[in-house]
*Asks:* 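This structure is in structure tokens; I'll ask about it shortly.
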There are 2 protein chains.
Amino acid sequence: MSTPRENLSYKDIKRVVLERIQKRIWAPDSLLPSETELAEEFSSTRTTVNRALRELAEEGFLERKRKAGTRVLNAPLRKAQFTIPQVSDEITEAGKTYRYSLVNRALIDMPSWLSAKLATKATQQVLYIECMHFADNAPFQYEVRWIMPKSVPAALDADFREVGPGSWLAQEMPFTDLEVTFTATKADQQIAEFLDAREGDPIFTTQRTTWLRAQPVTHARLYFAPGYKMTTRL
Amino acid sequence: MSTPRENLSYKDIKRVVLERIQKRIWAPDSLLPSETELAEEFSSTRTTVNRALRELAEEGFLERKRKAGTRVLNAPLRKAQFTIPQVSDEITEAGKTYRYSLVNRALIDMPSWLSAKLATKATQQVLYIECMHFADNAPFQYEVRWIMPKSVPAALDADFREVGPGSWLAQEMPFTDLEVTFTATKADQQIAEFLDAREGDPIFTTQRTTWLRAQPVTHARLYFAPGYKMTTRL
DNA sequence: AATACTTTTATGTCTATACATAAAAATAGG
DNA sequence: CCTATTTTTATGTATAGACATAAAAGTATT
């Protein structure tokens, strides 16, 4: 009576390996059998085992090194992955109605803090935009943005009265690098007014800077209305 | 004179495809050639092209559907991935000296908000821990944590005077599910004192809840000292 | 004992091929 | 014309085999 076993897929192998890690069958810091051995155990091939282990390593459970083998990470550096959302998507996905409103649009001299941050010469002008995003007519996010016309000349022709600069840029302008920073800031009088908050309220704030191959594209500061939570599961 | 072309690796193919997307050679929403066609163009095989496209899809640039083909995403839902760090690592990696201090450790009745959040019966006790994390002797993070002894009986024997509950759990307790929430909160008197802040200061706050296969393991609230920034690049 | 060279080996990747499967497109039936 | 069924097709995955490569382990040389 032989085992009536279907062939395991790479997903099955991932599951089994993960279980063994979690049940401490393969303890932290210990070495796994080689791909060849595992392939034999699962009566699969090295290619399939390789994919399973490679993905588990990407997900932060394993560490792999040529010749040294595959090791279970002791404190799994688990990686929270979350999608950088468009405000409008975030709102509509929550089942609310999205509304956009332009507050201010001007061509200004680049502030020195910005040229320092972006490591560019300050001798150019930037497009400065302030706008609001509403969810069910309640203030959701106050956005302040600087766009580099040198990188995005077309932005000078867009008036941003109908479309937010975020979605406009997402459509028009590709980027290669992104830096996101999250902080808690204090609502000053202006922000409080825009967000329908009290002065001094804690405000969840995101800063985003994007580049297209070393050339700065835009810098944005997104101030969320009080009570905003950013959540991820994994 | 034939083209002296080396075979392209899947990484090369990824690079070329990404360039074409960024240069709008393959515009947003447009359909890419099939894997077979691309394999021919790059004089490679479908397997290799598949890996390149699959990874670009995972990274959020492409959308793939059987039979329908591979499509360029218009607003690339780019995914920020950041590792959930151990406080101690975060501090030492910044070149500072880490110090830990236990503030409070008690076995208490489970608060009703917690049993509601975790969807468990409130009739059990939980291990309640407060502690501090310092960077170069300056307050860095104030941690409040609830551990479910039902899931982690060994926690009752650990006194947490030397090792923080975070790293203890990371070593001892595997988890399968994690929920992380980021918010901005206002420092109350207690938090202000612990973090050397003023009452009312905006405090960047993380909440983490972990489960081991549907069984809640721990819930933690991490209050960061004023000025804390969480940053990712991609 | 310390150094430089060689071997071994586990992972990394590519190829060629086959079959599976979801979903679009075409076709048949009412 | 609408609906149900069949066909087609692009992606999804598995296999067997090969060569590449980093790094550990072993060996020889100073």
Side-chain angles (χ1 to χ4, degrees), chain A residues 2-18 20-21 26-74 76-77, chain B residues 2-18 20-21 26-74 76-77:
Chain A
S2 65
T3 34
R5 165 194 291 262
E6 286 281 324
N7 275 351
L8 296 174
S9 72
Y10 83 98
K11 283 181 182 169
D12 297 324
I13 296 179
K14 276 183 77 172
R15 197 175 30 71
V16 172
V17 169
L18 195 51
R20 291 192 188 169
I21 294 172
W26 289 326
D29 275 328
S30 69
L31 220 52
L32 260 62
S34 75
E35 293 183 346
T36 319
E37 290 169 294
L38 287 174
E40 199 171 338
E41 186 199 329
F42 296 127
S43 54
S44 175
T45 56
R46 198 167 81 78
T47 317
T48 302
V49 172
N50 178 278
R51 176 158 180 195
L53 297 187
R54 175 162 33 92
E55 292 195 359
L56 284 172
E58 269 163 25
E59 289 162 29
F61 295 100
L62 299 173
E63 187 189 32
R64 321 193 73 204
K65 246 171 34 192
R66 265 173 174 149
K67 163 76 185 178
T70 302
R71 197 173 286 281
V72 180
L73 280 177
N74 47 1
L77 295 170
Chain B
S2 65
T3 34
R5 165 193 290 261
E6 285 282 324
N7 274 350
L8 296 175
S9 73
Y10 83 97
K11 283 182 183 170
D12 297 324
I13 296 179
K14 276 182 76 172
R15 196 176 28 73
V16 172
V17 170
L18 196 50
R20 291 193 188 167
I21 293 172
W26 289 327
D29 276 327
S30 69
L31 220 52
L32 261 62
S34 75
E35 292 183 347
T36 318
E37 291 168 295
L38 287 174
E40 199 171 339
E41 185 198 330
F42 297 127
S43 54
S44 175
T45 56
R46 197 165 83 77
T47 316
T48 302
V49 171
N50 179 277
R51 178 158 180 194
L53 297 186
R54 175 162 35 91
E55 292 195 0
L56 285 171
E58 269 164 25
E59 290 162 28
F61 294 101
L62 299 173
E63 187 188 31
R64 320 195 71 205
K65 246 171 33 192
R66 266 174 174 146
K67 164 76 188 180
T70 303
R71 197 171 287 281
V72 179
L73 281 178
N74 49 359
L77 294 170

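Here is the naming used below: chain letters follow the sequence lines, and residue numbers restart at 1 for every chain.
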*Asks:* Determine whether B:Val16 and B:Phe42 satisfy the following criterion, side-chain contact (heavy atoms from CB on, under 4.5 Å), listing intermediate values before the conclusion.
*Replies:* CA-CA 10 Å; B:Val16 172; B:Phe42 297 127; 3.9 Å; yes
*Asks:* Would a 4.5 Å heavy-atom cut-off, applied to side chains only, mark A:Leu32 and A:Arg64 as touching?
*Replies:* no
*Asks:* Does any part of the side chain of A:Lys11, heavy atoms only, come nearer than 4.5 Å to the side chain of A:Arg15, both counted from C-beta?
*Replies:* no
*Asks:* Could you tell me the boundaries of the chain A footprint on DNA chain D, defined by atoms under 4.0 Å from its heavy atoms?
*Replies:*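 Extent of the interface on DNA chain D: D:dT13 to D:dA24.
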*Asks:* Hey, does B:Thr70 have a side-chain heavy atom less than 4.5 Å from the side chain of B:Leu31?
*Replies:* no
*Asks:* Could you please spell out the steps behind the side-chain hydrogen bond (donor to acceptor under 3.5 Å, both in side chains) verdict for B:Ser9 and B:Asp12?
*Replies:* CA-CA 5 Å; B:Ser9 73; B:Asp12 297 324; 3.1 Å; yes
*Asks:* With a 4.0 Å cut-off on heavy atoms, is A:Thr36 in touch with a base, just the backbone sugar-phosphate, or nothing at all?
*Replies:* nothing
*Asks:* Kindly check if the number of other-residue, nucleotide or ligand heavy atoms within 6.0 Å of CD (A:Glu40) is above 12?
*Replies:* no
*Asks:* Nucleotide by nucleotide, 5' to 3', does protein get under 4.0 Å of the base (B), only the sugar-phosphate (S), or neither (-) in nucleotides 12-17 of chain C, counting heavy atoms?
*Replies:* BBSBBB
*Asks:* Hey, mind stepping through A:Thr48 and A:Leu8 against side-chain contact (heavy atoms from CB on, under 4.5 Å) and telling me if it holds?
*Replies:* CA-CA 9 Å; A:Thr48 302; A:Leu8 296 174; over 6 Å; no
*Asks:* For A:Leu73 and A:Gly60, work out which heavy atoms get closest and say how close.
*Replies:*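 Of all heavy-atom pairs spanning A:Leu73 and A:Gly60, the closest is CD1-O, 3.4 Å.
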